[in-house]
Amino acid sequence: MTAVGIDAVELWSGNLKLDLPETFAPVKGDDPEKYTKGLGLTSSSLPDTYEDIVTMGANAAYRLLDRKNIDLEDIGRIDVATESAFDNSKPVSTYVAGCLEDVFEGDLHHADKGERKFACLAGTQALNDAYNWIAADRHRGRSALVIATDTALYARGDAGEATQGAGAVAMLISEEPNLVELSAEYGIGSADETDFLKPNQQFPSVDGKRSVQVYLARMREALEDYKKAAGDIHPDDFIYGPFHTPYPGMVRKAAVLAYRNTIRGTDIEEEITDEIGPQPHPDNFDDNDEYQEAIRAYTDALSETEQYQNWYDDQISPTLRISRQVGNWYTGSVHIARTSALLNAVDRGIDPVGETMLVGSYGSGAQAEIHSERIREGWKDEISQLNIEEQLDDRYDLTFEEYELVHDAHNHDVDAEVDPFTAPSGEFVFDGWGRMGERKYRFVE
Ligand code: HMG
């Protein structure tokens with residue numbers, strides 16, 4: 001089979017920024033280091049009053065199609081992954097297609113459109129759907145457009161408020177892709193969980209502490225399942241490990257567990273055993289509490305080893321670069337982690353063609369998915385054309401009072417007339433309501 005994967009990617013950040021240590025922490029009475037060191041975040045991206053999931057998704061897609069000179073007739077499928085949808089019937093992809101038809105020649109009447117839902121995992125599921133569509137040879141040589149777009153807002157005062165974010169990722173999925181080839185092998189860890197959900201409500205009901213444990217448990221299952229498909233893996237098999245990043249501190253917790261798992265039976269484990277002793281095994285303990293205590297102590301010691309710290313600095317830390325500045329983009333989060341890794345490769349001046357990344361996606365509710373991606377020849381040309389750093393630098397820096405207004409402006413239960421903080425330019429904007437309650441959009445030159 002020919003290679004199938006991501007040909008190109010584009011990111012669109014919400015145009016506003018909330019500085020967490022400087023603006024949010026003082027009002028909350030928190031130590032700024034809770035954000036910078038504990039959660040690993042410096043700021044959140046938030047949507048201006050004229051932005052929503054459609055504008056951000058359409059803007060990312062517009063940049064992608066425009067710079068790659070792609071005709072609408074070459075797109076055979078558009079899937080939008082989101083957990084911020086505002087309509088139970090009409091998919092967001094139809095709105096995005098309408099926006100694109102306004103600015104490009106031709107139309108998207110031939111394109112199969114849909115919406116994917118499984119919390120933050122849906123972006124990767126849409127990627128897999130596109131992969132399957134091409135692998136099944138139903139695509140007639142065309143590409144799929146996958147858009148992950150979310151306004152990840154929490155209720156005011158919820159602990160999750162510190163991890164908010166807003167942005168979109170557009171990805172073009174094609175045969176013989178420029179950026180990365182997706183592996184056919186993938187692993188799943190899935191269970192009926194109620195740690196984070198939105199039962200017909202805008203802001204999530206969250207059991208934050210439990211959600212962290214569920215993330216770790218499902219990722220572990222997915223890793224075991226991936227190994228059943230792909231065989232044993234070694235940490236050195238991969239150049240980067242982009243993971244779903246609700247906040248970088250979550251990935252820090254997951255990384256050491258992934259390392260502990262993947263060094264088992266390898267030369268690295270042997271080397272480390274000489275320093276910190278062997279990994280505890282449940283068979284050697286009569287009491288589960290004692291085993292849990294021993295595994296915690298081993299994991300803490302492991303995280304202090306030079307081998308682990310070098311691995312973390314090389315393979316994991318680079319994936320957190322954009323996340324640190326934007327917060328959680330829900331469905332887009334793992335896809336900005338991959339992009340961060342590739343931006344790091346550009347900065348380091350390395351040539352990672354043919355190298356593999358281990359990609360871990362996750363959605364509350366809950367399901368994790370792990371697959372691998374091989375970096376392709378055209379990666380650098382694609383990644384060098386992104387302007388995400390510029391977008392982040394250009395965000396309007398909100399005061400706390402302005403943040404409160406923005407939150408109200410996006411709260412479906414609050415009737416707030418708030419003036420925009422930025423002037424849109426070369427982008428789609430929300431333009432009011434139509435006669436059937438539909439949202440309307442227009443492109444601002
Ligand atoms: P919290 O109670 O505000 O924070 O909740 P905390 O007190 O647990 O502190 C956070 C960390 O900062 C801790 O680190 C503290 O020790 C540390 P940890 O012990 O966990 O390693 N800290 C400090 N470090 C240095 N200096 C200091 C300092 N003070 C504290 N001075 C929580 C945090 C994540 C629970 C909250 O933000 C939350 O509920 N977030 C939303 C849920 C979430 O993001 N869960 C993540 C896993 S679930 C997931 O990823 C799915 C999701 O994306 C949704 C989807 O799939 O759709 C959310």
Side-chain angles (χ1 to χ4, degrees), residues 1-11 60-71 74-77 123-124 126-137 139-148 169-186 226 229-231 233-243 314-316 318-319 321-322 332 334-361 370-389:
M1 193 180 103
T2 54
V4 179
I6 307 172
D7 187 64
V9 65
E10 273 294 344
L11 272 54
Y62 170 70
R63 276 189 59 83
L64 192 153
L65 300 189
D66 189 44
R67 84 164 158 79
K68 292 194 62 91
N69 228 341
I70 290 174
D71 292 337
D74 295 329
I75 302 294
R77 186 182 169 100
T124 296
L127 207 58
N128 286 336
D129 291 341
Y131 174 98
N132 294 337
W133 174 70
I134 295 175
D137 205 13
H139 63 307
R140 287 183 262 150
R142 298 167 303 177
S143 298
L145 190 56
V146 167
I147 298 168
V169 180
M171 293 171 278
L172 192 72
I173 318 306
S174 307
E175 271 179 303
E176 299 301 342
N178 277 316
L179 204 57
V180 293
E181 174 185 359
L182 303 182
S183 63
E185 298 81 17
Y186 73 112
Y226 174 73
I233 54 177
H234 185 289
D236 295 347
D237 293 344
F238 307 103
I239 183 166
Y240 294 114
F243 275 66
D314 285 352
Q315 289 192 25
I316 306 298
T319 70
R321 166 172 166 171
I322 300 173
V334 65
H335 308 291
I336 60 181
R338 173 200 301 105
T339 309
S340 293
L342 295 174
L343 283 167
N344 173 266
V346 174
D347 285 355
R348 281 165 65 197
I350 58 172
D351 178 14
V353 174
E355 300 273 7
T356 304
M357 297 187 278
L358 188 69
V359 182
S361 306
I370 291 190
H371 67 261
S372 69
E373 297 181 0
R374 192 178 294 270
I375 301 172
R376 301 268 297 179
E377 199 78 44
W379 74 279
K380 198 171 177 188
D381 281 351
E382 291 299 334
I383 288 297
S384 304
Q385 294 186 59
L386 297 185
N387 74 341
I388 185 64
E389 301 289 358

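Positions are given from 1, in the same order as the sequence printed here. Here the structure is a predicted model, which means the values were calculated and not measured.
Here the straight-line distance linking atom CH2 of W133 with atom NE2 of H139 works out to 6.5 Å at 0.5 Å rounding. Atoms CG and CG, from L179 and L172 in turn, are 10.5 Å apart once rounded to the nearest 0.5 Å. Annotation: the span from E373 atom CD to L127 atom CG amounts to 7.0 Å, rounded to 0.5 Å. A distance of 8.0 Å separates CE of M357 from NE2 of H371, quoted to the nearest 0.5 Å.
For CZ of F238, the number of neighbouring non-hydrogen atoms (other residues, nucleotides, ligands) closer than 6.0 Å is greater than 12. Within 6.0 Å of NZ on K68 lie more than 12 heavy atoms contributed by other residues, nucleotides or ligands.
For R67, the side-chain contact (heavy atoms from CB on, under 4.5 Å) partners are A8, E10, E382, Q385, L386, not counting sequence neighbours. Take E377 and apply the side-chain hydrogen bond (donor to acceptor under 3.5 Å, both in side chains) test, not counting sequence neighbours, and it matches no residue. Remark: Q315 pairs with W311 by the side-chain hydrogen bond (donor to acceptor under 3.5 Å, both in side chains) rule, at least two apart or across chains. Scored by the side-chain hydrogen bond (donor to acceptor under 3.5 Å, both in side chains) test, T356 finds no partners at all (sequence neighbours excluded). With sequence neighbours left out, the side-chain contact (heavy atoms from CB on, under 4.5 Å) criterion links A229 to E185. Applying the side-chain hydrogen bond (donor to acceptor under 3.5 Å, both in side chains) test to S174 and every residue at least two apart in sequence or in another chain returns S143.
In this structure, S384 contributes its side chain and D381 its backbone to no donor-acceptor pair below 3.5 Å. N132 places a side-chain N or O within 3.5 Å of a backbone atom of N128 that can act as its donor or acceptor partner. With hydrogens and angles disregarded, no donor-acceptor distance shorter than 3.5 Å links the side chain of D66 to the backbone of R63. Not one N or O on the side chain of R338 forms a donor-acceptor pair closer than 3.5 Å with the backbone of P242.
In plain terms, the two heavy atoms of I375 and P352 that are nearest each other are CB-O, 3.6 Å. In terms of heavy atoms, V9 sits closest to M171 at CG2-CG, 3.9 Å. Across all non-hydrogen atoms, the minimal contact from L358 to F243 is O-CE1, 3.9 Å.
Contact annotation: the side chain of W379 approaches that of V353 to within less than 4.5 Å [non-hydrogen atoms, C-beta and beyond].
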Audit row: T124, V359, side chain to side chain contact (heavy atoms under 4.5 Å, CB included) steps and yes/no
CA-CA 10 Å; T124 296; V359 182; 5.7 Å; no
